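Numbering of ligands and ligand atoms starts at 1, following listing order. Not measured: the values here are computed from a predicted model.
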Amino acid sequence: MIIVGLTGGIGSGKTTVAKEFELLGIPVYIADVEAKKLMNKSKIIKRKLVQLFGDNAYIDDTLNKPFIASKIFNNKDLLQQMNAIVHPRVAKHFNTWVLKQTSPYIIKEVAILFENNGDQFCDYIITVIAPKELRVKRLLTRDKTSKEKIDAIIKNQWSDEAKMKRSHYVINNIDLDDTKRQALNIHCKILEVTQ
Ligand code: ATP
């Protein structure tokens, strides 16, 4: 199975682009969404996260996201320990999911693909970019967050330039119709090489 990694900085429009590929009939795996589902479902992940963060990690058996976010914010060591618990299980879940797909290729959306060396497991990589001010504006509309928090996340991610250098395709996500055209164009190019 051809695996196409879809990445981009926070608020660049990864999920918006992923939806376009879904509309084109391509199965999409959104790593962050699946990780959160597993953090709520998997007994072993739950047990290990409670060991790491304490009982407050879950409220009524549901992941206490604000508590975890506050713990890992500015604590790289804890974040790494959490990733060491969650990432291998998400990888296993993804591998099982991939085996069930029958399409010419699949899209795997991963926010921090290069940062975690996930690019080595992809056949092609699409990076979504958008001007920083536009990303901040969209995120402030979408989420209860602040410019400071967004800036702190952006600082921890690779720059667009670094990602673009190592990508096969780049989508400049400003105007939505134009983004849809770019996604269709890439879809056709990938189909050409896979068929
Ligand atoms: P995150 O990094 O948080 O996972 P993301 O990169 O997946 O975000 P999206 O959730 O797709 O980004 O987009 C962020 C916000 O911007 C959403 O509210 C989305 O609807 C909006 N948005 C994305 N692309 C466009 C566009 N081309 N025109 C207008 N709004 C857009």
Side-chain angles (χ1 to χ4, degrees), residues 3-40 63-74 76 79 82-83 86-87 90-91 93-94 97 106-119 122 124-187:
I3 297 171
V4 178
L6 176 67
T7 192
I10 180 170
S12 56
K14 297 176 290 295
T15 302
T16 303
V17 168
K19 279 183 195 146
E20 289 308 314
F21 283 92
E22 233 166 19
L23 288 173
L24 294 167
I26 298 303
V28 169
Y29 187 94
I30 300 188
D32 282 353
V33 171
E34 298 303 333
K36 286 199 183 95
K37 279 191 206 160
L38 284 174
M39 286 159 98
N40 274 314
L63 189 71
N64 186 352
K65 279 194 263 177
F67 172 76
I68 305 243
S70 72
K71 286 281 179 186
I72 57 177
F73 189 68
N74 279 334
K76 277 197 174 159
L79 173 65
M82 183 179 93
N83 286 344
V86 179
H87 283 178
V90 176
H93 181 262
F94 172 72
W97 178 86
I106 63 93
I107 292 272
K108 184 181 189 188
E109 180 193 320
V110 188
I112 42 172
L113 182 75
F114 294 110
E115 291 86 339
N116 283 336
N117 299 315
D119 51 319
C122 299
Y124 297 98
I125 294 167
I126 304 170
T127 290
V128 183
I129 59 165
K132 192 185 150 200
E133 309 72 53
L134 190 54
R135 287 158 59 192
V136 171
K137 197 172 142 207
R138 287 171 179 166
L139 288 168
L140 290 175
T141 310
R142 192 193 67 183
D143 300 336
K144 265 195 208 151
T145 185
S146 67
K147 189 173 178 310
E148 290 67 37
K149 274 191 188 160
I150 298 168
D151 283 340
I153 294 170
I154 289 177
K155 262 195 198 151
N156 276 325
Q157 298 183 333
W158 278 27
S159 69
D160 281 352
E161 291 68 32
K163 286 178 200 150
M164 284 159 71
K165 266 190 209 154
R166 295 176 64 171
S167 301
H168 302 84
Y169 305 103
V170 174
I171 292 183
N172 195 4
N173 176 33
I174 298 174
D175 172 74
L176 196 53
D177 285 334
D178 188 40
T179 296
K180 289 178 185 186
R181 275 192 291 275
Q182 294 176 66
L184 177 61
N185 194 20
I186 293 169
H187 172 68

CG of Leu113 to NZ of Lys163, rounded to nearest 0.5 Å, is 9.5 Å

min-distance protein heavy atom vs atom 28 (N) of ligand 1 -> Arg138 NH2, 3.4 Å

The closest protein heavy-atom partner of atom 3 (O) of ligand 1 is Arg142 NH2, 2.7 Å

On a heavy-atom basis, the closest approach of Val128 and Asn173 is CG1-CB, 3.7 Å

for atom 11 (O) of ligand 1, nearest protein heavy atom and its distance come out as Thr16 OG1, 2.6 Å

Quick note on ligand 1: atoms under 4.0 Å from a heavy atom of Gly13 include exactly 5 (P), 6 (O), 9 (P), 11 (O), 12 (O), 13 (O)

When rounded to the nearest 0.5 Å, the distance separating CD1 of Ile72 from CG of Asn83 is 7.5 Å

Ligand 1 to Ile174, heavy atom cutoff 4.0 Å, flagged ligand atoms 26 (C), 27 (N), 28 (N)

*Any non-hydrogen atom of Ser12 lying under 4.0 Å from ligand 1?*
yes

Could you check whether any heavy atom of Asp143 sits closer than 4.0 Å to an atom of ligand 1, since that is the contact criterion I want to use? no

Q.
I'd like to check Trp158 versus Arg166 (side-chain heavy atoms, cut-off strictly below 4.5 Å). Are they in contact?
A. yes

Using only atom types and a distance under 3.5 Å, with no angle test, would you say the side chain of Lys71 pairs donor to acceptor with the backbone of Leu79? no

Notebook entry, point to check: Would a distance-only check, ignoring hydrogens and angles, find a side-chain to backbone donor-acceptor pair under 3.5 Å from Thr145 to Leu140?
Noted result: no

side-chain contact (heavy atoms from CB on, under 4.5 Å) with Lys180: of Asp178, Asp177, Leu184, only one passes, and it is Asp177

N or O contact, Ile10 vs ligand 1, cut-off under 3.5 Å:
no

Numbered in order shown, the ligand 1 atoms found under 4.0 Å of a heavy atom of Thr15 are 7 (O), 11 (O)

Under 4.0 Å, counting heavy atoms only: does Ala111 come that close to any atom of ligand 1? no

of all protein heavy atoms, closest to atom 24 (N) of ligand 1 is Asn173 ND2, 2.9 Å

Q.
I'd like to know if the side chain of Thr127 reaches the main chain of Val170, judged simply by a donor and an acceptor atom lying under 3.5 Å from each other, with no hydrogens or angles considered.
A. no

Any heavy atom of Lys14 under 4.0 Å from ligand 1? The part involved is both

